[in-house]
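Below, read A as the first sequence line, B as the second, and so on, with proteins coming before strands; counting in each chain starts at 1.
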Amino acid sequence: MTQSYLPFILQETSDPLTGHVLRTFRHPSGFIVKILPRPGFSRRFAALTVPYGSIHTTFEQEDQLRTVPDGTAHFLEHCVFSRDEAGGLLGRLSALGASANAYTSHTHTLYYFSSVFAFSEGLNLYLDAVLSPYLEPDRVEVERPVIMAELDQYLDDPDTVCYVQLLNNMYRHHPVRRDIGGTAESVRTITSLHLKQVWSTFYQPGKLSLTLVGDLNEQEILDQLRTRLANSLPIEGQAVLPDEPVNPEGGIISKAMDVSAPSFLVGIKDPTILPQTPLEGRELVMRQRMARLAFDTLLSPASSLYEDLFTRGMINDSFGYHYACEPTFAFLAAGGESKDPQSAAENLIAGLQQAFRKGLDPDLFEIQKRAAAGDFVRSLDSIEHSGLIQAQCNQHGLDLFDYPSLYDKMDAATAMDKLKFLADPDCYSVSIITRQTEV
Amino acid sequence: MNVYYPNDPRDSSIPRGIALGFFDGVHRGHQDLVRSLVYHSQKLGIRPAVFTFPEHPLITISPEGQFPGYLSTLEQRLQRIADTGVEEVYLEDFTPEFAALEPLEFLDQILIGQLNAQLIVIGQDYHFGRDGEGDLQLLQKWSSRQGIDLVVVPDVRLHGDKVSSSRIRRLIAHGEANLAASCLGTPFEMTGTVIEGRKLGRKLGFPTANIEIDSDLAMPAFGVYTTRTRVGDRTYESITNIGIRPTIQDASPVPNIESFLFDANLNLYGRTITVEFLHRLRPEETYDSLLDLVAQVQIDLEQARAYHRTCEQGYELAEVSDIPVRVIKSTRFAEANAVVTFRTRINRRDASLFALLTRLMTASCHRYKSRSSLSAALDSLYGANIEADVSKDGDLLNLHFAVNGLMHWTDHSSPFASALEVLFDLLLEPDFDENDLFRQDHFDAETQGLQMELLARENDKAKYSLDQCMKLLCGDQIFGLRASGDLETLSEIRREDLTIAYQRMLKELECQVAIAGDLSTELLESVLNQTARLSQQGHRHTRISPDKTRNGQGIPPDHPRMIALTDRLLRPTAFNPAPIAEVREVKQVEQARICLAYSGLQPYFSHHSIVDTLLNSMLGGDVHSLLFEVVREQLGLAYSVYSQNSRYLSTLLVIAGVAPDRVDEARRAIDEQVQNLAEGRFEPHLFDRAKTMVESHLLSIPDDLDSLLSHLMNGVTLGRVISVPDSLSLLKSVTREQVIERAGQLTLQSSFILTAKEDQDL
């Protein structure tokens, strides 16, 4: 059923499983609002998705190709939050009792907050900060040392170092190979001009989506947005990425650190999703979800491979895996702490290839579908959790409630076919963190 | 706890801490007072004792009957005092001779001469001696002359007024049962024997239990109440009418109490039951006809059912042997949660032993002999989860076994109910081999897993620094032991040790079960049955409590010279920090870490600890805080700087990550912020923002089922379960001056700095 909330266009969907409703409002500028009403809950949640992440260092702006230093997306996120005489965005929001946060990923930046009191006021503050940030040189210089300190902190974190090292090993040209925060050198070169270039191209209403969850006054919020968006028009601007070779550099890359527990990550580069062969929208999400089920079948504690590696002491509870699947890159990263990380990595690779050759256990695949369906329903119990999932869905033009129908269409045989690259040893690479004394 | 009656001998050789008061109802203010006694006595290494009277002094002072009724029977009062950890109660008859004692005679002859008091704990307006002439001022002078510690416990203020027994009696008399429960910390209750009634309710389809009540107790305002009714070890949701039933012909002028228990089919005649008053639905009214009354009763029943279904208040559903089963009913969530907690006082060996045991017990069981089959079973229950972990509250070690899952699925199954069965299988049917030992391969894998977990903690430099700082703070006391144990002890553990540890866990460790969600009667019965299995396997015994053996006010004529009551729960012990210490360690790090521990927060159980929560929010707990605003934002000295309260150690911790060449500058800046708070040098809005933020956190608790359950169980550990509205009321009463005063009590006790270089910038 479609109704008009001029100039917004409303579309409402409902989840047959739980009866929850999702209301989507589209503004002519391209701005999208998703509202998940949850009467009876105290806290209300808002998330603003900006389709600009760390990999978008080169982009077209007014027919010109711009390049900004690594870490610019993250720097801009900091500036939106940066303090001013009134305490900055965080200070203003905390005065309302709201908790605010943000993160920068490879592909997007997400600003979110939740509050019990004065939600509309908080939302206005948030939108002001994101849509009209103060990006002058004085702000940039104040924020630079804080970012440098954050980077230092990550340099002491073996998990982050191991992960960045793995990406570096997997990708040769794609900017995903570089740390989201950039390096000390790149952050030193970021200027007010770089930030303004990014802001004027990507931080425009027509590119943004807003997710709201909770016991909300919908009319009040739409009235606010209507005024704010009155003069907003769609904006052109597109990131440009270099072509990426199909295979990773491969091999093992290691670094010695002051750690007590060494660790490892095995990376498998998905050769089907690259800048030159991108995947988007529903197809992308379908692949994400299908891969998740396949990897749950192959690597979760319910799998025989996990059981085998655990019982042999190769892995422990720290073992985890993550399949990143975005329009221009996709990879699996799996690993954790291990007394003998190299041997653990080799055993994991051998086990994974063998398990894949044997084929996905269709019964376990179906069980993982049930688990995923249950996860989806449980996520709706949490204001924040359901809001964050929907905010991430927004990037791909999907609704939270589309998940169950996606799962219905998946089976083990199709998943095997989509993940054939797992059998190819050339797709694998390894990152290891060893104890300092061992070097 | 030993109870000494008026003529029992008193041993004056033992140094004691003494709390003074009548403690009718043992309300929230009394609880703070008596717990303070236990806390400070533990710190001084002396025996905590309460000196009180069996009958209220007003009965002696005004024999004309002005006393409006007790809030608790003597037995209830003694049990509630025993629950605080007090070791002795001395009962003194308030005779005219005693009432005529001069204040100093009371202090010298009784408190010192008979009880060897080294510590006295009183409330703010305590009076004693002839005509109440003895007051705080006199006591202060006397105690300082005698070298006796004196602790004056501040009043608790709730919903606009001081919590006091007289206020609670008024609230009960006005039908404000919910406010009375807020002040008492537990609903007002009446115990009595079920007697034959007119059986009118039975004829109308809702058989009620008529109760003969104790006339010494305070009388609630007449009307219809939502109640809970305890029958033996079991609590039922109920609705209760108290009044003279004016609509029924030949109405008796004697007040009558009759309760209808929901979802219970019991023959109660002759049994002793206890009715807890939660909320008055309506006052007693006269109806034109019996039909009108019946119609109204149907409405009352509906309202009471709705109240029970949606009030989201935790309560003890049953005590299965000595295992309490607590529930929170909520209809707002798709999932349900349950947790089984075992608890013991920590020691080095037990920490490693139980950390390994919890891992083994959740790796497999007799039904699911491998991790993978267990995981697959839970995944097939629509992703139900079972998790086990160990944690610490002060010197108590907790073993948590938690399960969550969806309450219903579209195929009419209950994944949660099935997952709960799996949890109890894990607890009761471990995967032992033919020698009753955990399997060798599982033992090896889990031991290695725990070793890695212990090693990996050092990978995180912030956690490493915190651990080192806690070691300095605790010295060689058991408070400093880590819940997950240590590598050395772990290496000494054999499989045989784990079988013994498992049996100890079932038999000796304190056990509690808690469950939250949209809980059906059938599910709750199943939980009780499973808990009974747990109890039987551990050969646990029902506790003897006076509620179950006796009833009535005053001293039982056949009382023993000394009776023993046990504290029903383990409580964290009071903590004394180690001497002040500072350590700097050099490692190869990009970022230096500072961890500072300030002693001086209030005892963990205090209703005034909300002041500490605000203090933390203002210092470094939130983004408006001084540490965030000044140290990070204005001075740019740290990316990460925050504070947190270590409640059971009465300690505030500050943790910061800073550039190695700015360690001392950051350290000075942190100290300055603590000083600024202590001297009131902060913007007025800081206090307001902290209050708003804490209020916001409190209001968010009911948004999450897990938070609701944790809030309940934290309250149990603290010894004071408190609802969100009551917490908000406590918060509202906090003043800026109280926070400043508390900040002034902070003392830097331990300081650990992890840095990359030895040269400092001083």
Side-chain angles (χ1 to χ4, degrees), chain A residues 17-18 40-43 83 87-88 90-91 94-100 115-117 142 145-146 149-150 152-153 155-158 258-261 296 300-304 306-307 310-313 316-318 337-339 364 367-368 370-375 377-378 380-383 436, chain B residues 332-335 370-372 374-376 378-384 404-406 409-410 415 441-442 444-445 448-449 452-453 455-461 587-591 622-624 629 632-634 636 638-640 657-659 685 688-689 692-693 695-696 699-700 702-705:
Chain A
L17 223 53
T18 59
F41 283 76
S42 300
R43 197 162 273 276
R83 76 180 299 283
L90 282 176
S94 85
L96 304 174
S99 307
S115 80
V116 172
F117 310 113
V142 165
V146 177
E150 184 180 353
D152 280 350
Q153 188 166 304
L155 291 176
D156 282 337
D157 176 21
D258 177 25
V259 292
S260 302
D296 285 347
S300 79
S303 70
S304 53
Y306 184 99
E307 178 86 32
F310 192 95
T311 309
R312 288 162 59 202
N316 50 60
D317 300 294
S318 67
E337 288 137 12
S338 178
K339 278 189 177 164
L364 194 50
I367 285 176
Q368 295 309 325
R370 288 165 72 127
D375 278 355
V377 176
R378 274 208 303 275
L380 296 175
D381 271 354
S382 161
I383 299 282
Q436 203 115 50
Chain B
R332 294 184 299 136
F333 301 94
E335 71 173 354
S370 64
R371 269 182 175 263
S372 54
L374 174 62
S375 297
L378 292 170
D379 287 346
S380 70
L381 294 171
Y382 299 93
N404 71 62
L406 291 169
W409 193 253
T410 48
D441 54 344
H442 286 183
D444 293 341
Q448 196 169 354
M452 287 305 290
E453 182 191 319
L455 284 170
R457 193 165 165 95
E458 289 184 22
N459 283 9
D460 184 323
K461 300 296 178 266
K587 269 185 182 254
Q588 192 174 342
V589 287
E590 298 290 333
Q591 193 174 67
D622 285 302
V623 293
H624 54 246
E629 188 65 20
R632 177 184 142 132
E633 297 287 299
Q634 286 175 21
Y639 165 67
S640 134
V658 302
H685 66 65
D688 298 334
R689 286 182 180 184
T692 308
M693 193 58 89
E695 185 181 359
S696 181
L699 282 166
S700 303
D703 281 354
D704 180 83
L705 196 60

Sub-4.5 Å side-chain heavy-atom contact between [X] and [Y]:
X	Y	answer
E695(B)	F117(A)	yes
K461(B)	Q591(B)	no
V377(A)	W409(B)	yes

- Message: Would you say R43(A) and S700(B) are linked by a side-chain donor-acceptor pair, where the criterion is simply a distance under 3.5 Å?
- Response: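 R43(A) and S700(B) do have a side-chain donor-acceptor pair below 3.5 Å.
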
- Do you see a donor-acceptor pair shorter than 3.5 Å between the side chains of Q368(A) and D379(B)?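 Yes, D379(B) and Q368(A) have a side-chain donor paired with an acceptor closer than 3.5 Å.
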
Quick one: what part of [X] sits under 4.5 Å from any heavy atom of chain B, side chain, backbone, both or neither?
X	result
Y306(A)	side chain
E307(A)	side chain
E150(A)	both
P301(A)	both
L380(A)	neither
A98(A)	backbone
T18(A)	neither
D157(A)	neither

- Query: For the atom pair CZ (R371(B)) and NE2 (H442(B)), what is the distance rounded to the nearest 0.5 Å?
  - Reply: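 So the gap between those two atoms works out to 8.5 Å.
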
- Pairwise distance CD(E590(B)) to CG(D152(A)) - rounded to 0.5 angstrom: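 Between atom CD of E590(B) and atom CG of D152(A) there are 5.5 Å.
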
Quick check for you: among [options], which has the greatest number of heavy-atom pairs under 4.5 Å with chain A?
options	value
S370(B), A638(B), G449(B), P702(B)	S370(B)
M452(B), H624(B), Q588(B), E458(B)	M452(B)
L406(B), D460(B), D444(B), N404(B)	L406(B)

Chain B interface, residue from [options] that has the most non-hydrogen pairs under 4.5 Å:
options	value
D156(A), T311(A), D258(A)	D156(A)
I383(A), D375(A), L364(A), I367(A)	I367(A)
G40(A), S318(A), S42(A)	S42(A)
N316(A), L96(A), D317(A)	D317(A)
S260(A), A149(A), G374(A)	S260(A)

- What pair of heavy atoms forms the shortest contact from G97(A) to S696(B), and how long is it?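 So the minimum-distance heavy-atom pair works out to O-OG, 3.0 Å.
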
- Item | Shortest non-hydrogen contact between A302(A) and A376(B), atoms and distance |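 Heavy atoms only, the tightest pair is CB-N, 3.7 Å.
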
- So Q634(B) and E629(B), side-chain contact (heavy atoms from CB on, under 4.5 Å) or not? Walk me through it. CA-CA 6 Å; Q634(B) 286 175 21; E629(B) 188 65 20; 4.0 Å; yes

Interchain contact, [X] with chain A, by part (heavy-atom threshold 4.5 Å):
X	result
S380(B)	both
D703(B)	both
R632(B)	both
D704(B)	neither
A659(B)	neither

- Message: Is it the case that the side chain of N459(B) and the backbone of V259(A) share a donor-acceptor pair, with hydrogens and angles ignored and the cut-off at 3.5 Å?
- Response: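 No, the answer is negative, given that no donor and acceptor are paired below the 3.5 Å cut-off.
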
- Can you tell me if R378(A) uses its side chain to pair, donor with acceptor, with the backbone of G383(B) under 3.5 Å?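 At least one qualifying donor-acceptor pair exists.
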
- Task: Hey, can you tell me if F41(A) and F333(B) have their rings parallel, tilted or perpendicular (30° and 60° cut-offs)?
- Result: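 Taking F333(B) first and then F41(A), their aromatic rings stand perpendicular (interplane angle over 60°).
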
